[in-house]
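Just so it is clear, the structure is predicted and the values come from calculations on it, not from any experiment. The first residue in the sequence is number 1, and the count goes up from there.
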Amino acid sequence: MDHFYITTPIYYVNDKPHIGHAYTTILADVLARYHRLLGVPTHFLTGTDEHGQKVQNAAARHGISPIEHCNETIVHFQKLWERLGITNDDFIRTTQQRHIRVVQEALQDLWDRGLIYKSTYQGWYCVGDERFYKDKDVQDGKCPDCGRQLEQFEESCYNFRMSNYQQQLIDYIQAHPKFIQPDHFRNETLGYLKKPLEDLCISRPKSRLSWGIELPFDHDYVCYVWFDALVNYISAIGYLHDEEMFRKWWPVNYHLIGKDILTTHSVYWPTMLMAMNVPLPQTIFAHGWWLTNDVKMGKSNHNAVNPMDMIDRYGVDAFRYYLIAAMSLGQDANFQEEFFNTRYNAELANDLGNFVSRALTMTTRTNGGAIPPAVGEDDPSTQALVLLCKKAVREMPDAIDNMHLDAGISSIMTVVREANRYWSERKPWEMAKEGRQDELNVVLRTSLETIRIVSGLLYPVMPEKMAVVRRALAIPEDKLAPDYTMLSQWYVLQDGAQVTLPPPLFPKVQLEPEEPAAPANAPAPAPKAKKAKKDAPAEVVTLDEVGKVSLKTATILSAEKVPDAEKLLRLQIQLGAETRQIVSGIAQWYKPEELTGKTIVVVANLKPATIRGVESKGMLLAAKAGDTLRLVTLDGDIPSGVSIG
Ligand code: MSP
């Protein structure tokens, strides 16, 4: 790869950043950091989308000018990115001159070439989403996307000849399987393109909306905010103004986006680029939503979680780790502090923090802190740990290339768990007590090398904490950011170098009890009477108990085999508004292609699990008799996400 250019969507300035925004930006940051470590020249762009009706209205409400409003609100984003350790190379604002001039030049060129024309628009407008709809897309005057009341109107407008490019775009998507990812979003776009593609209204009369980029060929109009915003991806890297820079970074490797802005990116943007004669992006990658109690997190749903609160409680790195580890790309995920807290305490405090601390402490106590010399790894448990480390290093580039970061992290954490098991098995404290120094040296050196590799692999995800760990291993300052070629090698630490003991890396965090705790001197509460099991026969359950299991209908969107696991299939399912992934041991009975489109029944509230490195959220129901297995399906049409009870 000769370059890596990655972008986030540019964020609307009318909203305070929440976990949904933080997620995309952290994901882009992790990918940018990985590529820099791999030695690939990298450019990471983020920014803010500052024009449009919502900003104009918000500014008016506050009695300030739109640009004053933007200047005040972008600070929330910039501060959060700084706090999260985001290493963007550029921050574009659509109110900057460098952007405005490119939008105007592109518009003028399209107008001159007859690719924009004037006509009359009749239809519906959603103020909330800033989108127009035709009669055929609207029922009862409600927005088909957000359900809010639409406004009906008619006005003169300028249209972009988007329809010219419909077939060209379909052909391109079909010839380039990686262009829209994951596959179910590629299929969604192809589905959208089955209907005739209409031309796109790209103007707004100033009489209604003045806060935008003026059309160069008609001063009474400004540009539609999406047509303006999408151009940021090229205006920021010198399109039409810095030929050399533009050639260096374009085509972009990844446009990371949330699934709600798929059509604007997978249809509007490519057709705009085709009209401008600019090559198309390599990959548009859509991720799912962060939900709170199954509802999309966002300002309008009043359920947004403020990232700053989580950072205050758990630290920046743990927050970055959790967001990346807990979302399978392309799927939705529920953000609940209980889940975060459980994984934090188990994976970071117990597994990783504990292992680093015990290895460094034992080296300090038994060897005066000196890294023991490299001395072979003959016993099977040591060999197994070395192999596992090498496997995690080998798998990471694939996990990055295929955007399976959660799986990559899961294989690193397998190494950490195995390393703790290695200690339980080898019992180095007994070796120390019995003076078996050679054996002890093997365990210590193996453990310290393991920590070097794990901290290197996790460095892009948790840069601050992993720098602390690597400093404690006496790794020189200029090597704290690891050189990836060194991670696949063993015995890289310096013999005899002095390790140090850092403060606890991930102190345990106790969730606040829901009821106020009793004062310390209060009499101890009477022990709660244990519910006698014999109240009811074991095979009988109460309605309450049944109610705990949430059974729902789900439609299978796609299915594929899990590599190296012949019994398992990975299914993408639609569960109401949510898409999820589940892993199921049904490969023996169903071919992946037989499953697409089936409506099945799933246990929707099963605790998520990672099966062979693949996250599974839920369980499907099937009946098995002897060698036969059949899925539980429904005997007629019913939407997905419907509760069964
Ligand atoms: N300004 C447009 C993007 C223009 S890009 C040329 C926009 N801005 S936004 O601020 O509303 O959203 C920015 C991104 O945040 C989108 O990718 C959106 O999907 C993402 N998220 C907003 N809420 C989200 C969640 N609850 N979960 C995950 N991401 C979501 O759209």
Nearest non-hydrogen partners of Ala326 and Ala333, listed with the distance = O-CB, 4.1 Å
message = If the threshold is 4.0 Å, N to carboxylate O, is there a salt bridge linking Lys296 and Asp332?
response = no
message = For Arg426 and Val442: C-alpha separation, side-chain torsions, deciding distance, then whether side-chain contact (heavy atoms from CB on, under 4.5 Å) applies.
response = CA-CA 10 Å; Arg426 302 291 290 143; Val442 173; 5.6 Å; no
ask   = Is it true that Arg36 and Asp89 have a side-chain N and a carboxylate O under 4.0 angstrom from each other?
value = yes
ask   = Closest heavy-atom contact between Ala28 and Ile6?
value = CA-CD1, 4.0 Å
ask   = How about His255 and Phe285: are their ring centroids closer than 6.0 Å?
value = no
key: Check: Ser447/Trp423 side-chain N/O donor and acceptor closer than 3.5 Å   = yes
key: Parallel, tilted or perpendicular: ring planes of Tyr314 versus Tyr344, cut at 30 and 60 degrees   = perpendicular
message = Donor-acceptor check, side chain of Arg580 to backbone of Lys617, threshold 3.5 angstrom: yes or no?
response = yes
query = Is there a donor-acceptor pair closer than 3.5 Å between any side-chain N or O of His35 and the backbone N or O of Ala32?
reply = no
ask   = Any side-chain heavy-atom pair from Ile453 and Trp490 closer than 4.5 angstrom?
value = yes
message = Under a 4.0 Å threshold between the charged nitrogen and the carboxylate oxygen, would Glu418 count as salt-bridged to Arg421?
response = yes
inquiry  = side-chain contact (heavy atoms from CB on, under 4.5 Å), that's the test. Do Ile311 and Leu84 meet it? Break it down for me.
reply    = CA-CA 8 Å; Ile311 299 172; Leu84 283 170; 3.7 Å; yes
ask   = Between the side chains of Arg313 and Asn341, is a donor N or O closer than 3.5 angstrom to an acceptor N or O?
value = no
key: Ion pair Lys561/Glu566, N-O distance below 4.0 Å   = no
ask   = Looking at Pro177 and Asp183, what are the two nearest heavy atoms and their distance?
value = O-OD1, 4.3 Å
query = Under 3.5 Å, side chain of Ser616 to main-chain N/O of Val583, donor-acceptor pair present?
reply = yes
Below 3.5 Å, can you tabulate the donor-acceptor pairs from side chains in residues 431-438 to any protein atom, sequence neighbours excluded?
from, atom 1, to, atom 2, distance (Å)
Glu434, OE1, Arg436, NH1, 2.5
Arg436, NE, Glu439, OE2, 3.2
Arg436, NH2, Glu439, OE1, 3.1
Gln437, NE2, Asn441, OD1, 3.0

request  = For the residue pair Glu560 and Gln572, confirm or rule out a side-chain donor-acceptor distance under 3.5 Å.
outcome  = no
Result of checking Val461, Leu352, Val393, Val454 against Ile412 for side chain to side chain contact (heavy atoms under 4.5 Å, CB included) = Val454
Thr46-Asn88 side chain donor-acceptor pair, cut-off 3.5 Å = no
ask   = If every non-hydrogen atom of Leu493 is compared with every non-hydrogen atom of Ile371, which pair is closest and at what distance?
value = CB-CD1, 4.1 Å
request  = Evaluate the side-chain hydrogen bond (donor to acceptor under 3.5 Å, both in side chains) criterion for residues Thr579 and His184: first the C-alpha distance (whole Å), next the side-chain angles of each, then the deciding distance (0.1 Å), finally the verdict.
outcome  = CA-CA 10 Å; Thr579 47; His184 52 278; 4.6 Å; no
ask   = Between Asn605 and Lys552, do the side chains contain an N or O donor and an N or O acceptor separated by less than 3.5 Å?
value = no
Non-hydrogen atoms of Leu360 and Pro502 that approach each other most closely = CD1-CD, 3.6 Å
Pairwise side-chain contact, Val492 with Gln489, heavy-atom cut-off 4.5 Å (strictly under) = yes
request  = Check for a donor-acceptor pair, side chain of Lys465 on one end and backbone N or O of Leu505 on the other, with a separation under 3.5 Å.
outcome  = yes
ask   = Taking atom types as modelled, is there a side-chain donor on Asn354 or Ser357 under 3.5 Å from an acceptor on the other?
value = no
query = Do the non-hydrogen side-chain atoms of Glu615 and Pro608 ever get within less than 4.5 Å of each other?
reply = yes
message = In the structure I gave you, are the side-chain heavy atoms of Pro476 and Lys479 within less than 4.5 Å of one another anywhere?
response = yes
inquiry  = Tell me whether the rings of Tyr23 and His287 are parallel (<30°), tilted (30 to 60°) or perpendicular (>60°).
reply    = perpendicular
query = Where is the tightest heavy-atom contact between Leu480 and Ile475, given as atom of each residue plus distance?
reply = CD2-O, 3.8 Å
Any donor-acceptor pair under 3.5 Å from Arg471 side chain to Thr500 backbone = no
Donor-acceptor contact below 3.5 Å, side chain Asn306 vs main chain Met308 = yes
query = Do the rings of Trp290 and Tyr322 sit parallel, tilted or perpendicular, given the 30° and 60° boundaries?
reply = tilted
query = Taking the side chain from Gln581 and the backbone from Arg570, do they hold a donor-acceptor pair closer than 3.5 Å?
reply = no
ask   = Could you walk me through whether Ile324 and Arg320 pass the side-chain contact (heavy atoms from CB on, under 4.5 Å) check?
value = CA-CA 6 Å; Ile324 299 299; Arg320 291 172 59 107; 5.5 Å; no
inquiry  = Can you confirm whether more than 12 heavy atoms, excluding those of Glu464, are under 6.0 Å from its CD atom?
reply    = no
message = Quick one: does any side-chain atom of Asn345 pair with a main-chain N or O of Val509 as donor and acceptor, under 3.5 Å?
response = yes
query = So, Thr42 and Arg33: side-chain donor and acceptor under 3.5 Å apart, yes or no?
reply = no
ask   = Within the distance-only criterion (no hydrogens, no angle test), does the side chain of Arg470 pair as donor or acceptor with the backbone N or O of Arg452 below 3.5 angstrom?
value = yes
task = Taking atom types as modelled, find out whether Gln282 and Tyr5 have a side-chain donor-acceptor pair closer than 3.5 angstrom.
result = no
Polar contact flag, side-chain donor to acceptor under 3.5 angstrom, Tyr254-Thr7 = no
N/O donor-acceptor pair under 3.5 Å between His3 side chain and Trp249 backbone = yes
query = Step by step, would you call Arg83 with Asp312 a salt bridge (charged side-chain N to carboxylate O under 4.0 Å, His left out)?
reply = CA-CA 11 Å; Arg83 185 87 197 274; Asp312 288 344; 3.3 Å; yes
ask   = Between Tyr34 and Tyr484, is a side-chain contact (heavy atoms from CB on, under 4.5 Å) present by the stated rule, with each step listed?
value = CA-CA 9 Å; Tyr34 270 119; Tyr484 258 55; 2.8 Å; yes
